[in-house]
Peer 1: 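Following this message is one structure expressed as structure tokens.
In what follows, residues are counted from 1 in the order of the sequence shown.
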Amino acid sequence: MIDTRAIRNRILDLALHGQLTKQNLVEGTGETLFNQIQKEKNQLIVKGEIKKSQAYSKSNAQKAPYKLPNSWKWVRLGEVLNEVIVPQRDKPKVFDGDIPWCRIEDADGDYMSYSHSGQNVSQEVIDRMNLRVFPKGTVLFACSGASIGRILITTTELCTNQTFNGLVCNRGLYNWYLLYFLRNSISRLKRLGGGSAMAYVSQKKIGEMMIPLPPLAEQKRIVEKVNSLFSILDTIDELQARYAADREVLKSKLIDAAIRGKLTKQLPEDGTAEELYQQIQEEKKKLIKEKKIRPDKTLSSTTGRKMPFEVPSNWMWCRLGEITSKIGAGNTPKGGKKSGIYKNSGVPFIREMNVYNDGLRYDGIVYISQELADQRIGSSVYAKDILLNITGDSIGRCSLVNDNFTLGNVNQHVLIIRLINQNIRKYIHLCICSPMVQNIINSKATGDKAGFSATKAKNIYVPLPPIAEQKRIVERLDSFIDILSKEK
């Protein structure tokens, strides 16, 4: 089984080291942000809106837990909070108001919003008992007993008992960034509490914690990245409950979820797949008019066709041949290996043994002369093409050709797929590698040495999202695979 809890911890660790996001100098620095926070806090203190916080030990770069990106800064948590709210320890005597009185039992996932028991206190009780109200967006930190380590965010104003302290963020500290920092520090927080049944993490101990401070814009990008990766892990958790502990099976199920629109949100600002499809058709008509490609008469009728599954409303189904300028196999030069036609250098001659889902592999690659390559234009491979094995045991393996590739050639066992809009090639490669398309290829392969034709490839239906969502789908899967590789 994939240990998603360990991967989540690894994601948070990488995020808080600045390794999930690029540093952008335009966004400023942690030092500048820290000074802005201090200025704003002083203004709030003068206005009487917050109390002056206690003095904290100065951050010492030499004692920093680890090295940060140059634009980040180590600070004490108390220095970048507006306040730490410590609840009144006595329980209110009257529950007849409209402000929720919450306990640890009322925690709901990442949030705290209301009392399940219906215990609400009035403003009169709050004033009489000198209770503190946590503002909306406060990060609640369970600071005592066995509950230490529960970290939540309030979605409304509320009060709690002494189980929680409330960390009220300054505008320069994003509350979700703080939440993820604290969740990544749970073992340390428990040590601060002493580890006993009566453990308690004091306001001072919380304030003394060192936290890495990136620019505010990067804090938000970090949270967005973490949320994106966590949503994939949520999907994996669901799949692992249903499938065996096989990474390849899980990966294929994850790809299947991606091409069904289950890993991404559909956003109105993305437009529709129909708009993208029409743009591609206009470009295709232009290429035909310029006689750069020929009209394709091998596409089957769509009348009465039942699609494999339902797609989101702004997606559409289309045939692979409708969005490509070329789908065709190469051929092997006469005489093959025995003729001495293969060289030690020249134009790479790509065979099925070189085509893998994660890219071209050059072990055992052979070459042909430039002169021969010039005679084989129909078998030429260029940067950004997609190559698909269509015969034998490796049928269905599919490679993206790198952007910096110059020129190659293929034999008859490899199909060249060239998209009209090459910006969608990574998503289309994903579709071809999906269980849906792989099942089509394997079920329709014919002959003693199973073969799949170019005509059949042209008539494969693929689910087409808007291009912006395609990019999000690919980025999410790439990020997850990158995290897995770092985990190893």
Side-chain angles (χ1 to χ4, degrees), residues 255 259 276 279-280 283-284 286-288 290 292-294 296 298-299 318-333 346-368 370 372-392 394-434 437-438 440-441 451-460 462 464 467 470-471 474 478:
I255 292 173
I259 68 168
L276 171 62
Q279 291 168 4
I280 292 172
E283 181 62 25
K284 189 165 190 175
K286 181 180 175 183
L287 292 173
I288 292 171
E290 294 172 352
K292 293 181 179 178
I293 63 173
R294 295 178 180 178
D296 198 332
T298 61
L299 295 178
C318 69
R319 290 166 296 185
L320 199 54
E322 294 177 288
I323 56 176
T324 52
S325 60
K326 177 182 176 66
I327 295 182
N331 60 73
T332 301
V347 177
F349 187 67
I350 299 165
R351 298 172 291 175
E352 63 272 27
M353 67 181 69
N354 306 119
V355 176
Y356 284 81
N357 291 346
D358 57 0
L360 292 175
R361 299 185 186 178
Y362 288 87
D363 295 342
I365 194 80
V366 295
Y367 300 86
I368 59 176
Q370 183 66 59
L372 181 58
D374 291 341
Q375 299 169 15
R376 296 168 47 82
I377 299 299
S379 300
S380 294
V381 177
Y382 302 104
K384 302 182 180 180
D385 282 346
I386 298 174
L387 301 182
L388 173 66
N389 284 354
I390 54 173
T391 65
S394 67
I395 190 169
R397 284 205 315 240
C398 183
S399 287
L400 275 170
V401 180
N402 289 337
D403 292 8
N404 58 0
F405 189 86
T406 51
L407 177 67
N409 224 266
V410 293
N411 67 10
Q412 76 271 24
H413 303 299
V414 181
L415 197 67
I416 301 166
I417 300 172
R418 189 168 298 140
L419 291 155
I420 292 171
N421 184 338
Q422 293 184 329
N423 291 321
I424 70 173
R425 68 192 186 284
K426 291 183 179 179
Y427 171 78
I428 296 300
H429 173 257
L430 191 70
C431 283
I432 296 171
C433 293
S434 72
V437 173
Q438 290 294 306
I440 292 172
I441 292 171
F452 189 72
S453 69
T455 298
K456 290 175 182 176
K458 292 175 183 179
N459 285 286
I460 290 175
V462 292
L464 188 71
I467 195 164
Q470 291 183 35
K471 290 178 180 178
V474 172
D478 284 349

Peer 1: If you measure from CD1 on Ile417 to OG1 on Thr324, what distance do you get to the nearest 0.5 Å?
Peer 2: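 One gets 8.0 Å once the value is rounded to the nearest 0.5 Å.
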Peer 1: Measure the spacing between CD1 of Ile420 and NZ of Lys284 and express it to the nearest 0.5 Å.
Peer 2: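 It comes to 5.0 Å.
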Peer 1: Can you confirm whether Phe452 sits close enough to Ile395 that some side-chain heavy atom of one is under 4.5 Å from a side-chain heavy atom of the other?
Peer 2: yes
Peer 1: Do you see a donor-acceptor pair shorter than 3.5 Å between the side chains of Thr332 and Gln412?
Peer 2: yes
Peer 1: Tell me if a side-chain donor or acceptor on Arg376 pairs with a main-chain N or O of Asn331 at a distance below 3.5 Å.
Peer 2: yes
Peer 1: Output the distance between atom SG (Cys431) and atom CD1 (Ile460), rounded to the nearest 0.5 Å.
Peer 2: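 Answer rounded to 0.5 Å: 10.5 Å.
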Peer 1: Would you kindly say whether Arg351 and Asn411 are connected by a side-chain donor-acceptor distance under 3.5 Å?
Peer 2: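 No pair is found: no donor N or O on one side chain lies under 3.5 Å from an acceptor on the other.
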Peer 1: Which atom names give the shortest non-hydrogen contact between Tyr382 and Ser380, and what distance separates them?
Peer 2: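 That would be OH-CB, 3.5 Å.
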Peer 1: Listed by chain and number, what are the ring pair (Phe, Tyr, Trp, His ring centres under 6.0 Å) partners of Tyr427, not counting sequence neighbours?
Peer 2: none
Peer 1: Any non-hydrogen side-chain atom of Leu415 less than 4.5 Å from a side-chain atom of Val410?
Peer 2: no
Peer 1: I'd like to check the side-chain contact (heavy atoms from CB on, under 4.5 Å) partners of Lys426; sequence neighbours left out, ordered by chain and number.
Peer 2: Leu400, Val474
Peer 1: Under a 4.0 Å N-O cut-off, is there an ion pair linking Asp403 with Arg425?
Peer 2: yes
Peer 1: I need the minimum non-hydrogen distance between Phe349 and Pro333, along with the two atoms involved.
Peer 2: CZ-CD, 3.5 Å
Peer 1: Is a side-chain donor-acceptor pair under 3.5 Å present for Gln422 with Asp385?
Peer 2: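 No.
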Peer 1: Identify the two heavy atoms, one from Leu407 and one from Pro348, that lie closest to each other, and give their separation to 0.1 Å.
Peer 2: O-CD, 3.3 Å
Peer 1: Evaluate Val414 against Thr391 for side-chain contact (heavy atoms from CB on, under 4.5 Å), listing each step before the verdict.
Peer 2: CA-CA 8 Å; Val414 181; Thr391 65; over 6 Å; no
Peer 1: Between Cys398 and Ile386, which heavy-atom pair has the shortest distance, and what is it?
Peer 2: SG-CG2, 3.4 Å
Peer 1: Can you measure from CD (Gln470) to CG (Asn423) and round to the nearest 0.5 angstrom?
Peer 2: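 If we round to the nearest 0.5 Å, Gln470:CD and Asn423:CG are 9.0 Å apart.
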Peer 1: Looking only at non-hydrogen atoms, find the nearest pair between Ile327 and Lys458 and report the distance.
Peer 2: O-CE, 3.5 Å
Peer 1: Does any part of the side chain of Leu387, heavy atoms only, come nearer than 4.5 Å to the side chain of His429, both counted from C-beta?
Peer 2: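 No, side chains not in contact.
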Peer 1: For Arg397 and Glu352, work out which heavy atoms get closest and say how close.
Peer 2: NH2-O, 3.1 Å
Peer 1: Could you measure the distance from the CG atom of Asp374 to the CG atom of Asn409? Nearest 0.5 Å is fine.
Peer 2: 10.0 Å
Peer 1: Are Ile416 and Leu388 side-chain neighbours, meaning at least one heavy-atom pair lies under 4.5 Å?
Peer 2: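 Heavy-atom side-chain distance check fails, nothing below 4.5 Å.
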